[in-house]
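Just so we're on the same page: letters track the sequence lines, and every chain starts at 1. In what follows, every heavy atom counts, from backbone to side chain, and hydrogens, waters and symmetry copies are set aside.
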Amino acid sequence: MNKKLNLYKIYKNIFNYWFKNKLLNYIRLNTKKKFIIYDGPPSMNGEPGIHHIFSRIIKDIFYRFYTMNNYKVINKLGWDTHGLPIEIAVEKKLNINKNDIGKKISIKYYNKKCKKLVEKNFKKWVKFTNKIGYFFNKKNYYITNSSKYIESIWWIIKELYKKKLLYKDYKVLPYSPIAGTSISHQELNFPDTHKKIKDLSVYVLFKLKNKNINFFKKKKIYLLSWTTTPWTLPSNSALLVNKNIYYILVKTLNKKKKKNINIIISEKSINNVFKKKKKYKILKKFLGKKLIGLNYKQIINWFKPIKSKKKKFKIFNDKLNLIKEDFGTGIIHISPTFGKEDYEIAKKNNISKILFKDKNGNLNPIVDKNGKFIKEVPYGLGGKYIKEKYYKNKENKFNVDKKIIDILKKENKIFKVKKYIHIYPHCWRTNKPIIYYPIKSWFINLKKIKNLILKLSYNINWCSVNLIKKKFEHWLKNIKNWNISRSRYWGTPLPIWKTKNKKNFLVIGSFNELNYEINKSIKLGFMKKNPFKKKIINNKIKYNKINMHKDFVDNIILSSKNGDKMYREFDVIDVWFDSGACTYAQYHYPFENKNLIDKNKIFPCNFISEGIDQIRGWFFTLHVISSIMSKSISYKNILPLGIILDKNGKKMSKSKGNTLDPFIILKKYGPDCIRWYIIYNNLPWENIKFNIENIQKIKNKFFNTLYNTYLFFYNYSKIDNYNFNKNYKYKKKYIDKWIISKLNNLLFKTYNNYLLYNITYITRDIYNFVLNDLSNWYVRLSRKRFWKNKYDNDKKSAYYTLYICLKKILEISYPITPFFMEYIYIKLSYFDKNYKYKKNSIILNKFPKYKKKFIDKEIENNMLYIKKYSSIILSLRKKKNIKVRQPLNNVYIVKNKFNKKIEKNKIILNLLKKEVNIKNINFIYKTKINKYIKKKIKLNYKILGPKYKTKIKKISKIISKLKKNKIEELEKKKYIYIKLFNKKIRISIKDIYIYNENINENIIMYTKNDFIIIIDTKITNSLKKECWVRDFIRIIQKLRKDNKYKITDRINIFLYKESYILLHNIIKKYIKKICKETLSYNIIKYNNIKYTKICYYNKNKIYFLIKKK
RNA sequence: AGUCUUGUAGCUCAGAAGGUUAGAGCACUACACUGAUAAUGUAGAGGUCCGUGGUUCAAUUCCACGCGAGACUACCA
């Protein structure tokens, strides 16, 4: 048998074994009980990383556990195939950017490339999924770009439209010009999206119009406003002040012109604007009210506002309370096209926007969708990116903000420029800062149904600390309407067609419906051919022949009720909608499986588990969609998972270079070890610091120990030809009863912990049992029973017990570490007389249940004390440096209320004797040891403190000086009086602790509370000889091992004649013992000193030799 | 910036609803044990319990402030 454990090899063999015997995807068929898991589809934008292992193995554990418990487990694996990450990857590969799509490269070609990338990554993912030992049905998965999946999403969109939750709006949204798409709220809250950056901030002077200055009685007055985005100044069309806060008119020196100027700022912002007090003079203080409605001069007049009745360049009141009076200058500049709140304010107050009318008469913002100023912007700014960070090449970089500041400086419109470090949102994909940009988008009105969503969420069981549940609920309480349109190419197309005047919309909810509309359109002559020809025949759809993507649907022109042409909306749907719709779309609902979901047979699911970052992602979208569609939760139990960090606690990312290749690690340690490590190391929702050294430790400790325990069983039971017989009734030894009791406790705990999803506790319990109870106690103390020659009932009972323990451990650990457990299980079952399966596998077994009758708390408690005594005695030996191999005669244990039962239990006392190598264990009364110890007293401050307050320190001093007779008096009478300032104070025995101190150095004593143990360290001659015999046996054993003799090989021991004579007496007395333990026939006198080995007896050299016979 | 969490051994963390000598695992050192063991056992070393102040007979624990770390929220123009 291979002694070295190669867990990867084991995985491979077992995987092939399962494959050959068709045990993969094993499903219990004769059962009505179902356990449903939804799989959060990972994005196919790249290769799997180490963090993907986590959520997969968690789900796999419950797949296996519930299968063993006779459930039919349904876990359709999913793959997320659409979305920006994939598009970005393809753009990089083709070396193009978003604008090239549809121009340099056709959309069809582009989408084909996206599909190809997805397919390529998909293969890697399948390989990866196998490598971590994930149970799944290869034929039964869902993939979000399949036409069936898309059709389900279309149906959902139509339902939303019918429920009047879908609406189109023109909104200023976070927008990533480089990715060319708006960023959803969730995406903006991804980790690391808010970054610290350095911007130029400017204090800008807005000149009040002359007609407004009567109140101030000054000629020229400026409003000072502060901004970090000077590029928005050309689109400024209003200023904001708060009518209820105080503003001041300040006279100060304009450095450049060396002239005084008058500026207005909020009173409390004075320290932001001026560092030194002497530099200004306050002329007037007034409420913001005075400013509202006043007009100012446009700051940069490159573009005039569109001619309309709308208001422009006016001061408005801050109804939304955005202004903080001590921040900036207390005056906000408003650019309705480039700020979310700015847009709202402009809409409410009817403020004009700064827009540019192009050739076709369309009005556009002065920054285009690529994040560049339009060509018409003067001073060479046209065509320049508005943020320096958008440039790919350093050489071309151009700072628009700087240029605008320069221009304004020349016009004396800048008061001050300052570098400003602040936190600014970035696009999670491109890592570039976002801007706020007006975009027409489709929204789902979630605010309207917030109460329903929130109420339903209370039914979800979070298998974690409450904090995470609260975070989810907090997120729902602050729900925002969901912008689902993305102006990209590779995604589920929005199934919405509109007329050119944007007045009529048609939402399509199925392919048949689309086919019907196309046929109508053909009759009107809008389309020539039906692209569905041959793909839909008699309403039967050939799904695998349809590729329902943008390149296909954009060519479809439909007709409105009025007979106008209708074109499809440009956008595709947010990928988060794809994955969130998996509840329905993975089953192609409602076109298939309608009853299964409507009648709650596969819905809602029992369990989901993904990373904690999905609180704003998948957990949210899944819940929202099922809340709307079914008025139900989508998942009953959820186990959120922490992030996998590197060993220093930093988040793993490619840019930091601290990622680990999962394939390499899997190959080195095998999936079992990694699975165990991740579960064992910390609670699932806590972040895990992934440390390879710890994986090795897990292997050494847990896997090796379990394996060696098995090897131990294997080695001996093979010699004896042991066969396990389930029905064998054996006489249990005390220690057998103990380990069986421990085992049944473990079975009980483990089963319940699986039900409660407490997987970490499961691994920790099993680990402790295997190492502490089974290997290092049961097997170690039972070794002699296995060694002995006689194949008697005692031996059989030991085999039986060990076999049961091993088997149950394998079965309860199997869901977590399937391959290793199966490997040993198969080997172990060769010893089972009754096993007759052709397909022998742990997969086919039932999860073991505990039996109450086997649990014996008394035995467990007694054993606990024996362990404790043994540990104390060993530490006492250590103090005198008496090694364990040296036998001692006596140990004295002081009787107390705990050891009454042990005292009379010879069996466990024998265990203890062997363990500590002491011949007699004596229980004595406490009074007998009084002469060896000094008693001391300490106060119970908890009781005396509040009673005597400040006097306590003095009392403590008196007590510590009490003499022996006083302490004895206290012990007898249970109280004592002491004197303090001529006052008698009664100290009761409850007010103090008495503890013992060792005074005699020749007596080794342990004393703590009621545990008092003394050992007699006298080593007699005969004890010395015994020690030598044990040493000698050990030396022979080691030699046997070094010579690679088999355990069963019999030998003779040869002693050189001089040595033989020297040891004559010892040999005479101990020859039987030596021969028995070393499997020797005899000890023989030997004349030749050649080839002998040397050991010592009382510093005399002993020459000896062993030979196999 | 705000809110919340958090600061204990080299590392990972317990802990006490103020009270005797502040604990465990890993790592390190020594010794022991071992014919299953790469395990295991016993011990050693390692602490200003983040800092300052307050309450108290007594504060690492409670309170306040400061400093550091993390999470969440947020277009603070």
Exercise for review: Check the pair Glu1077(A) / Lys784(A) against salt bridge (Lys or Arg N to Asp or Glu O under 4.0 Å), numbers first and verdict last.
Suggested key: CA-CA 9 Å; Glu1077(A) 298 214 1; Lys784(A) 289 225 166 125; 3.7 Å; yes
Quick one: is [N] close enough that its OP1 or OP2 comes under 4.0 Å of any side-chain N or O from [X]?
X         : N      : answer
Tyr716(A) : A36(B) : yes
Lys949(A) : G19(B) : no
Lys867(A) : U42(B) : no

Review point. Do the rings of Tyr803(A) and Phe713(A) sit parallel, tilted or perpendicular, given the 30° and 60° boundaries?
Key: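 The arrangement is tilted - the two ring planes meet at 30° to 60°.
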Practice item. Can you label the angle between the Tyr767(A) ring and the Tyr680(A) ring as parallel, tilted or perpendicular, going by 30° and 60°? Key: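 Tyr767(A) vs Tyr680(A) ring planes: tilted.
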Mind checking if [X] touches a base, just sugar-phosphate, or nothing, with heavy atoms under 4.0 Å?
X          : value
Tyr1045(A) : base
Ile323(A)  : base
Ser875(A)  : sugar-phosphate
Ile1047(A) : base
Lys883(A)  : sugar-phosphate
Arg885(A)  : sugar-phosphate
Asn776(A)  : base
Lys697(A)  : sugar-phosphate

Review point. Can you find a donor-acceptor N/O pair under 3.5 angstrom joining the side chain of Ser775(A) to the base of A36(B)?
Key: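 Yes.
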Study note, to complete from the structure: Checking A77(B), A36(B), U42(B) against the side chain of Lys878(A) (C-beta onward), the nearest is U42(B)
Check your understanding: Considering only C26(B), C76(B), A36(B), which nucleotide approaches the side chain of Lys701(A) most closely?
Key ->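 Nucleotide nearest to Lys701(A)'s side chain: C26(B).
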